[in-house]
Amino acid sequence: AVMKVDAQSPYFVKFEPRSYDLGETLYAAGYPLSKRMGDDLKLTKGMLMSARDDERGWIPKGFLLTDIPVGSGNSGGPIFSESGMLRGLVAGIWFWSEDIPEEAGQMSDNPTAAVSGLEIIKYLDSHQAGLYTIRTGDVKILKSTEIAKFAEKVTVKVECIEYDKR
């Protein structure tokens, strides 16, 4: 989720403003299945399966398809480029068996749906939010361990809890 926090921090994520490249490497950070896998941040790697974020077939406008492995607890978490810039946010897993009629065919894995970072920039601009920074200048490709260290600084766990109103 994109959040505005009333606190000073040197850590924030810049948006990657370039168009999407089919097959580009992406990383998702989050806290999937934390009750079973622990409360530490998890980082997974995959690639962009489609370089479009327009409406097509079953895919709504503003969404990307990736093959990044995610689980419950990744939703709303960042998807980084190889340079550590924000490319999107995890929206969820697309379970093909639930949405595709049998006659349409099969797919071996369930892709991850992501909200397009470019679509988030458009949304923030249209609401005059002015709450983001875009990458400028040269891009340095980072090692996955560098992306993980950065992700630990900018990714937070948000838990929804229930309480008894009695």
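As a basis for the values below, the full set of heavy atoms in this structure was taken, side chains included, without hydrogen atoms, waters or symmetry mates. Being a predicted model, the structure only gives us computed values, none of them experimental.
- The distance from the CZ atom of R87 to the CG atom of L26 is 7.0 Å, given to the nearest 0.5 Å.
- Contact of the V13 side chain with the F150 side chain is registered, since non-hydrogen atoms from C-beta on lie closer than 4.5 Å.
- Sorted by first then second residue, the salt bridge (Lys or Arg N to Asp or Glu O under 4.0 Å) pairs that include residues 61-77, not counting sequence neighbours, are K61-E119.
- Rounding to the nearest 0.5 angstrom, the gap separating the OG atom in S72 from the CE atom in M37 is 11.0 Å.
- Enclosure of atom NZ in K149 is not indicated, since only 12 or fewer non-hydrogen atoms of other residues, nucleotides or ligands lie within 6.0 angstrom.
- Test I79, L65, L64 against L48 for side chain to side chain contact (heavy atoms under 4.5 Å, CB included) and you get one pass: L64.
- Linking ILVMFWY residues whenever their side-chain heavy atoms come closer than 4.5 Å, directly or via other members, leaves L86 and L41 in distinct clusters.
- To the nearest 0.5 angstrom, S19 atom OG is 8.5 Å from E24 atom CD.
- We find that E16 and R18 are joined by a salt bridge, their nearest charged nitrogen and carboxylate oxygen being less than 4.0 Å apart.
- Salt bridge status for K140 with D138: absent, with no side-chain N to carboxylate O gap under 4.0 Å.
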- Might you work through the side chain to side chain contact (heavy atoms under 4.5 Å, CB included) test for V154 and F80, ending with a clear yes or no? CA-CA 11 Å; V154 298; F80 298 106; 3.9 Å; yes
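- Considering only heavy atoms from C-beta on, D39 comes within 4.5 Å of K157 through its side chain.
- When hydrophobic side chains of Ile, Leu, Val, Met, Phe, Trp and Tyr are connected at separations under 4.5 Å, V139 ends up as a singleton with no cluster partners.
- Pairing each heavy atom of A151 with each of A29, the nearest pair is CB-CB, 3.9 Å.
- The CD1 atom of I121 sits 5.5 Å away from atom CZ of F15, with the distance rounded to the nearest 0.5 Å.
- No side-chain heavy atom of N74 sits under 4.5 Å from any side-chain heavy atom of Y31.
- Of the N and O atoms on the side chains of S144 and K45, not one donor lies less than 3.5 Å from an acceptor on the other residue.
- A donor-acceptor pair shorter than 3.5 Å cannot be found between the side chains of Y20 and S50.
- T155 places none of its side-chain heavy atoms less than 4.5 Å from the side chain of Y11.
- T66 contributes atom OG1, which lies 13.5 Å from atom OH of Y27 (distance to the nearest 0.5 angstrom).
- Under the 4.5 Å side-chain heavy-atom criterion for ILVMFWY residues, no single connected hydrophobic cluster contains both V90 and M85.
- Remark: F12 pairs with no residue by the ring-ring contact (aromatic ring centres under 6.0 Å, His included) rule, at least two apart or across chains.
- Criterion: ILVMFWY side-chain heavy atoms under 4.5 Å apart, direct or through other members. Under it, L89 and I147 are part of a common hydrophobic cluster.
- In this structure, CE on M49 lies 11.0 Å from CD1 on I68, to the nearest 0.5 angstrom.
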